[in-house]
Q: 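The structure under discussion is supplied below as structure tokens; questions concerning it will follow.
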Amino acid sequence: MEKREFTCNREGLAIRGTEYRCERKTGRQERQPIAVICHGFGGNQYDLVFYAEAFADMGYTVYCFDFCGGCVVGKSDGSSLDMTIDTEAADLKAVLDYAKSLPYTDEKHILLAGGSQGGYVAGIVAAERAAEIERLILFYPALCIPDDARAGRLGGACYDVNQVPEEIDTFGVRIGRKFHEGVVDKDAVEQICGYRGPVLLIHGSEDMLVNI
């Protein structure tokens, strides 16, 4: 398996990640289908590397990346105080466009996958780019985020929704008020239901963080 670091950009911020690819032994060069995997809140590109390697073994060219400002320890630019669901969706679109531009990838066959907050983001982008996405895999997608914001409980925090602080401490990651404001009026199901392709949903029934 070949691993290659890559960088693309979104509004002047560098998005850094890793490409996983296995050369098919077909005797000729083939374009490979694309898989892009999104990590969860505070995580990084290595959290779901098992799936990246599995998809690469299946013949995909796979892209894992660090969301800008979305990691406790990550390689991409950006501050967690500027990170929102919308900025992560924009990051994912930038990675998708980068992957589609390469000479050895097949832009007609794209799989999106994501865990927790990354699953929510992947679902949003799949709906917005439904014509491009062939299939979608969601690992315990955090569709509860808007509900948590309305309850003043984002990321385990506890705050007054009528006086949202400038900074919110969530699981050791400080996010800005703009994160709350970006989701508090959203309906997660409505956001993702525009995607009508095949979906695989994996979610533990005893999940204590993401309400099944």
Q: Would a single hydrophobic cluster contain both Ile137 and Phe50, if residues Ile, Leu, Val, Met, Phe, Trp and Tyr are joined by side-chain heavy-atom contacts under 4.5 Å?
A: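 Shared cluster, yes.
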
Q: If we ignore hydrogens and angles and just use 3.5 Å, is the side chain of Asp77 paired with the main-chain N or O of Ala14 as donor and acceptor?
A: yes

Q: Does any non-hydrogen side-chain atom of Lys108 lie less than 4.5 Å from one of Glu134?
A: no

Q: Does the side chain of Gln117 reach to within under 4.5 Å of the side chain of Ile85, using non-hydrogen atoms?
A: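 Yes, side chains in contact.
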
Q: Where the side chain of Arg150 meets the backbone of Val184, is there a donor-acceptor pair that is under 3.5 Å apart?
A: yes

Q: Taking it one step at a time, do Glu30 and Tyr104 satisfy side chain to side chain donor-acceptor pair (under 3.5 Å)?
A: CA-CA 7 Å; Glu30 279 189 356; Tyr104 46 84; over 6 Å; no

Q: Taking the side chain as every heavy atom from C-beta outward, state whether Arg129 and Asp97 have any pair of such atoms under 4.5 Å apart.
A: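 Yes. Closest side-chain heavy atoms under 4.5 Å.
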
Q: So, for Cys38 and Gly118, which heavy atoms are closest and what is the spacing to 0.1 Å?
A: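 Taking every non-hydrogen atom into account, CB-O, 3.6 Å.
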
Q: For residues Arg10 and Val95, determine if any side-chain heavy atom of one lies less than 4.5 Å from a side-chain heavy atom of the other.
A: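 Contact flag for Arg10/Val95 side chains = no.
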
Q: Quick one: do Phe6 and Leu92 end up in the same hydrophobic cluster if we chain Ile, Leu, Val, Met, Phe, Trp and Tyr together by side-chain heavy atoms under 4.5 Å apart?
A: yes

Q: Which atoms form the tightest heavy-atom contact between Ala130 and Gly194, and what is the distance?
A: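 Looking at all heavy atoms of both residues, the closest pair is CB-O, 4.1 Å.
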
Q: Closer than 3.5 angstrom, by distance alone: can the side chain of Gln45 be matched with the main-chain N or O of Thr18 as a donor-acceptor pair?
A: yes

Q: Show the nearest heavy-atom pair for residues Cys64 and Ala52, with the distance to one decimal.
A: SG-CB, 3.6 Å

Q: Return the CG to CD distance between Asp91 and Glu11, rounded to the nearest 0.5 Å.
A: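 Rounded to the nearest 0.5 Å, the CG-CD separation comes out at 8.5 Å.
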
Q: To the nearest 0.5 Å, how far apart are CD1 in Ile133 and CD1 in Ile110?
A: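 That separation rounds to 5.0 Å.
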
Q: Take Ile145 and Phe41, measure what side chain to side chain contact (heavy atoms under 4.5 Å, CB included) needs, and give me the verdict at the end.
A: CA-CA 11 Å; Ile145 286 176; Phe41 179 82; over 6 Å; no

Q: May I ask whether Ile34 and Val199 are part of the same hydrophobic cluster, defined by side-chain heavy atoms of I, L, V, M, F, W, Y residues being less than 4.5 angstrom apart, directly or through others?
A: yes

Q: Taking side chain as C-beta onward, heavy atoms only, is Glu19 less than 4.5 Å from Lys3?
A: no

Q: Would a distance-only check, ignoring hydrogens and angles, find a side-chain to backbone donor-acceptor pair under 3.5 Å from Arg31 to Pro103?
A: yes

Q: I'd like to know if the side chain of Thr105 reaches the main chain of Glu107, judged simply by a donor and an acceptor atom lying under 3.5 Å from each other, with no hydrogens or angles considered.
A: no

Q: Among Ile202, Leu201, Val210, which residue meets the side chain to side chain contact (heavy atoms under 4.5 Å, CB included) test with Phe139?
A: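 Single side chain to side chain contact (heavy atoms under 4.5 Å, CB included) partner of Phe139 among Ile202, Leu201, Val210: Ile202.
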
Q: As an exercise, state the distance from CZ of Arg21 to CZ of Arg4, rounded to the nearest 0.5 Å.
A: 9.0 Å

Q: Are any of the side-chain heavy atoms of Met83 and Phe67 separated by less than 4.5 Å?
A: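 No; the side chains remain at least 4.5 Å from each other.
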
Q: To the nearest 0.5 Å, how far apart are CD1 in Ile124 and CD in Glu88?
A: 9.5 Å

Q: Please test Gln32 against Asp106 for side chain to side chain contact (heavy atoms under 4.5 Å, CB included), starting from the C-alpha separation and ending with a verdict.
A: CA-CA 5 Å; Gln32 294 187 343; Asp106 186 350; over 6 Å; no

Q: Closest heavy-atom contact between Val173 and Ser80?
A: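 Taking every non-hydrogen atom into account, CG1-CB, 3.8 Å.
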
Q: Aromatic ring centroids of Tyr159 and His180 under 6.0 Å?
A: yes

Q: So among Asp187, Ile192, Leu138, which one has a side chain to side chain contact (heavy atoms under 4.5 Å, CB included) with Leu143?
A: Ile192

Q: Counting the benzene-type ring for Trp, do Phe55 and Tyr20 have ring centres under 6.0 Å apart?
A: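 Centroid distance Phe55-Tyr20: not below 6.0 Å, so no.
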
Q: Side chains of Cys68 and Ile15, heavy atoms from C-beta outward: is any pair under 4.5 Å?
A: yes

Q: Report the C-alpha distance between Tyr120 and Gln191 in whole Å, list the side-chain angles of each, state the deciding distance to 0.1 Å, and finish with yes or no for side chain to side chain contact (heavy atoms under 4.5 Å, CB included).
A: CA-CA 9 Å; Tyr120 180 23; Gln191 285 180 282; 2.4 Å; yes

Q: Output the distance between atom CG (Asn9) and atom CZ (Arg16), rounded to the nearest 0.5 Å.
A: 8.5 Å

Q: Spell out, yes or no, whether Val36 and Leu13 are grouped together once hydrophobic residues are joined by side-chain heavy atoms under 4.5 Å, including indirect joins.
A: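 No: no chain of side-chain contacts under 4.5 Å links Val36 to Leu13.
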
Q: Is the backbone N or O of Leu111 less than 3.5 Å from a side-chain atom of Arg135, with the two atoms forming a donor-acceptor pair by type?
A: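 Side chain of Arg135 to backbone of Leu111: no pair is present.
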
Q: Transitively linked via ILVMFWY side-chain contacts under 4.5 Å: Leu81 with Ile168?
A: no

Q: When you check the gap from the basic side-chain N to the acidic O, do Arg174 and Asp169 get nearer than 4.0 Å?
A: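 Looking at Arg174 and Asp169, the cut-off is met.
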
Q: Nearest 0.5 angstrom please: Leu136 CG to Leu112 CG, how far?
A: 6.0 Å

Q: Where do Leu154 and Ile175 land on the side chain to side chain contact (heavy atoms under 4.5 Å, CB included) test, with the steps shown first?
A: CA-CA 10 Å; Leu154 276 174; Ile175 61 174; 4.3 Å; yes

Q: Nearest heavy-atom pair of Ser76 and Asp66: which atoms, and what distance?
A: OG-O, 2.5 Å

Q: Can you confirm whether Val62 sits close enough to Tyr51 that some side-chain heavy atom of one is under 4.5 Å from a side-chain heavy atom of the other?
A: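 In short, these two side chains do not touch, never coming nearer than 4.5 Å.
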
Q: So does Ala89 get a backbone contact from the side chain of Lys93, meaning a donor-acceptor N/O pair under 3.5 Å?
A: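 No.
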
Q: Does the gap between the ring centers of Tyr63 and Phe65 come in under 6.0 Å?
A: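 No, the ring centres sit 6.0 Å or more apart.
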
Q: Using every non-hydrogen atom in the two residues, find where Asp207 and His203 come nearest and quote the distance to one decimal.
A: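 Looks like OD2-NE2, 3.2 Å.
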
